[in-house]
Amino acid sequence: MKSAVLVFPGINRERDMARAFEVVTGVKPVMVWHTETELPDGVDVVAVPGGFSYGDYLRCGAIAARSPIIDAVKRHADRGGYVLGVCNGFQIVTEIGLLPGALMRNASLKFVCKEVHLRVDDPTTAFTSAYTAGQVIRCPIAHGEGNYYADPETLARLEGEGRVVFRYCDELGRTTEAADPNGSLNHIAGIVNERGNVLGMMPHPENLIEALQGGTDGRGLFESLAKVA
Amino acid sequence: MKARVTVTLKNGVLDPQGKAIQGALKSLGFAGVDDVRQGKLIELELATSDRAAAEAEVTAMCEKLLANTVIENYRIELV
C-alpha cells in the first residue's frame, strides 16, 4: 500500500500519522507539502493529519482546504482513492466538501485532551473491516472544535445510510451525554462519504498503535486499509 | 472601496460561545438578554471603485473562503 501524508503549516500530527502507517504496513508514507499540485504516482491512501493548520484562523481547516494540493486530493477521491482525515484533517475534509457537515466549537467551550471510547458502528468500510460491529475501542482525542454538526436532512441521511462509523460511548458501548466529549450530534465521532472511500474522524487512532503508547486499539484502522489498498 | 463582511451562524446552529457570553452577561447583572449569537466581522480594502464589480468579487470570496455556508450566513456592505 502506498500512502501519502499531507503537510500544512501548523499541522503537528503528521509524524504520528506517518509512523502509524509505517509500523502497521511496513511502508513509509510520502510526505506531501501543501504547495504541491499533484500527489505522488500510485498513491492509494491520502491521510490528512491533525494539528492546527494556519493556526485555525478564520475557521478550523478553512485555509488549508483551499491549498494548491487540494484539487489533487479531490481528483484522488473522485477516482475512488482513499482519504483519511483525522482531527484537523476531518475539519479540512469537511471544508473541502468531501464529507458533509461541520465541526463546531466543543459544547463545553474547552479544549479536551483525553482518552475516550468509540463504538464501531460500521465494520464494513475499508477503514474498519479489522473491527467487529459494536466493538468498543479506546482512542485519544485532543481538540477544541470537534462538535459535529449537520442540518437535520443531512443527519437523517447519514444515519439512514449507515454512514456513522464511530460514535463516542462509554466503556460498555453505551452512547450517553456523559461519554460525549464535545456535544456532537448523535455522538458522532467519525463518518464516511457515500462511496465509502473518505473517512473523517476527530479521535486519533494513529496515537494508539504500539504498546508503548498504552494500547493498540487504533491499529485496526490501518490494518483495514492495508487489506484493501 | 471598503467592504464589510458580517458572518453569522445560521439559525438552528448551536453557538456555545454565544451561550457563554449570555451567561457572563447574566452574571454581571444584565437581565433580560434572551439570546446571544456571536459572529465575525471582516473588513476588506478593495482596489476597485466599481460597486457592482466589488459586490460580485466579495460574494465570490464569501462563497469560496470567508464563510462556510454549511453553518454560516454572510452579509456584505460596501462603504
Side-chain angles (χ1 to χ4, degrees), chain A residues 53-54 56-68 70-71 74 90-112 143-158 177 180-188 191 193 200, chain B residues 2-30 33-47 54-79:
Chain A
S53 57
Y54 297 91
D56 281 348
Y57 292 172
L58 189 61
R59 295 179 307 276
C60 300
I63 298 178
R66 279 80 183 170
S67 302
I70 297 304
D71 281 340
K74 283 187 196 163
F90 186 13
Q91 296 161 341
I92 293 168
V93 170
T94 57
E95 281 277 347
I96 296 170
L98 287 177
L99 289 173
L103 286 311
M104 314 278 299
R105 183 66 63 96
N106 290 351
S108 65
L109 291 175
K110 292 193 174 82
F111 187 95
V112 182
H143 60 250
E145 267 121 343
N147 183 349
Y148 184 77
Y149 171 85
D151 61 64
E153 298 79 54
T154 306
L155 192 64
R157 205 171 148 207
L158 281 173
E177 293 302 320
D180 183 333
N182 54 34
S184 289
L185 288 177
N186 296 9
H187 313 299
I188 288 172
I191 55 171
N193 65 342
Chain B
K2 201 175 223 177
R4 199 175 284 149
V5 176
T6 310
V7 181
T8 50
L9 286 174
K10 287 183 174 174
N11 285 337
V13 175
L14 183 73
D15 179 7
Q17 293 175 96
K19 286 271 171 264
I21 295 166
Q22 188 183 358
L25 288 171
K26 194 177 167 200
S27 68
L28 287 169
F30 293 102
V33 180
D34 289 336
D35 195 21
V36 177
R37 307 283 286 169
Q38 183 184 299
K40 283 187 198 107
L41 177 65
I42 301 166
E43 289 186 328
L44 308 164
E45 202 66 62
L46 303 172
E55 177 113 30
E57 187 78 350
V58 178
T59 301
M61 291 178 199
C62 288
E63 290 290 332
K64 213 166 173 185
L65 177 67
L66 300 181
N68 178 349
T69 54
V70 173
I71 46 169
E72 294 170 329
N73 292 319
Y74 60 86
R75 196 174 68 236
I76 300 165
E77 283 172 88
L78 298 173
V79 287

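For clarity, every value in this text was computed on a predicted model and none was experimentally measured. Residue numbers start from 1 in every chain, and the chains themselves are labelled A, B, ... in the order their sequence lines are given, proteins ahead of strands. Computed from heavy atoms alone, side chains included, the values below leave out hydrogens, waters and symmetry copies.
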* Below 4.5 Å from any heavy atom of chain A, which atoms of B:Val7 appear? Answer side chain, backbone, both or neither. =>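 It is neither, since no heavy atom gets under 4.5 Å.
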
* Asked: Using non-hydrogen atoms only, which part of B:Lys10 is less than 4.5 Å away from chain A: side chain, backbone, both, or neither?
  ->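 For B:Lys10, there is no contact with chain A at all, as no heavy atom is under 4.5 Å.
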
Flag if over 12 foreign heavy atoms under 6.0 Å of [atom1], [X]:
{"X": "A:Tyr57", "atom1": "OH", "value": "no"}
{"X": "B:Glu57", "atom1": "CD", "value": "no"}
{"X": "B:Asp35", "atom1": "CG", "value": "yes"}

* Within a strict 4.5 Å, meaning less than it, do heavy atoms of the A:Leu58 and B:Ile42 side chains meet? ->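 A:Leu58 vs B:Ile42: side chains touch.
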
Compile the donor-acceptor pairs under 3.5 Å between side chains in residues 21-29 of chain B and protein atoms, sequence neighbours left out, one pair per line.
from, atom 1, to, atom 2, distance (Å)
B:Gln22, NE2, B:Val33, O, 3.1
B:Gln22, NE2, B:Asp34, O, 3.1
B:Ser27, OG, B:Ala24, O, 2.9

* chain B contact residues among residues 99-109 of chain A, heavy-atom distance under 4.5 Å ->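 The list, in residue order, reads A:Gly101, A:Ala102, A:Met104, A:Arg105, A:Asn106, A:Ala107, A:Leu109.
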
* Identify which of B:Val70, B:Ile71, B:Leu66, B:Leu65 forms the greatest number of heavy-atom pairs closer than 4.5 Å to chain A. =>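 Option with the top pair count is B:Leu65.
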
* Between B:Lys64 and A:Arg66, what is the shortest heavy-atom contact and its length? ->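 Between these two residues, the closest heavy atoms are O-NE, 2.6 Å.
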
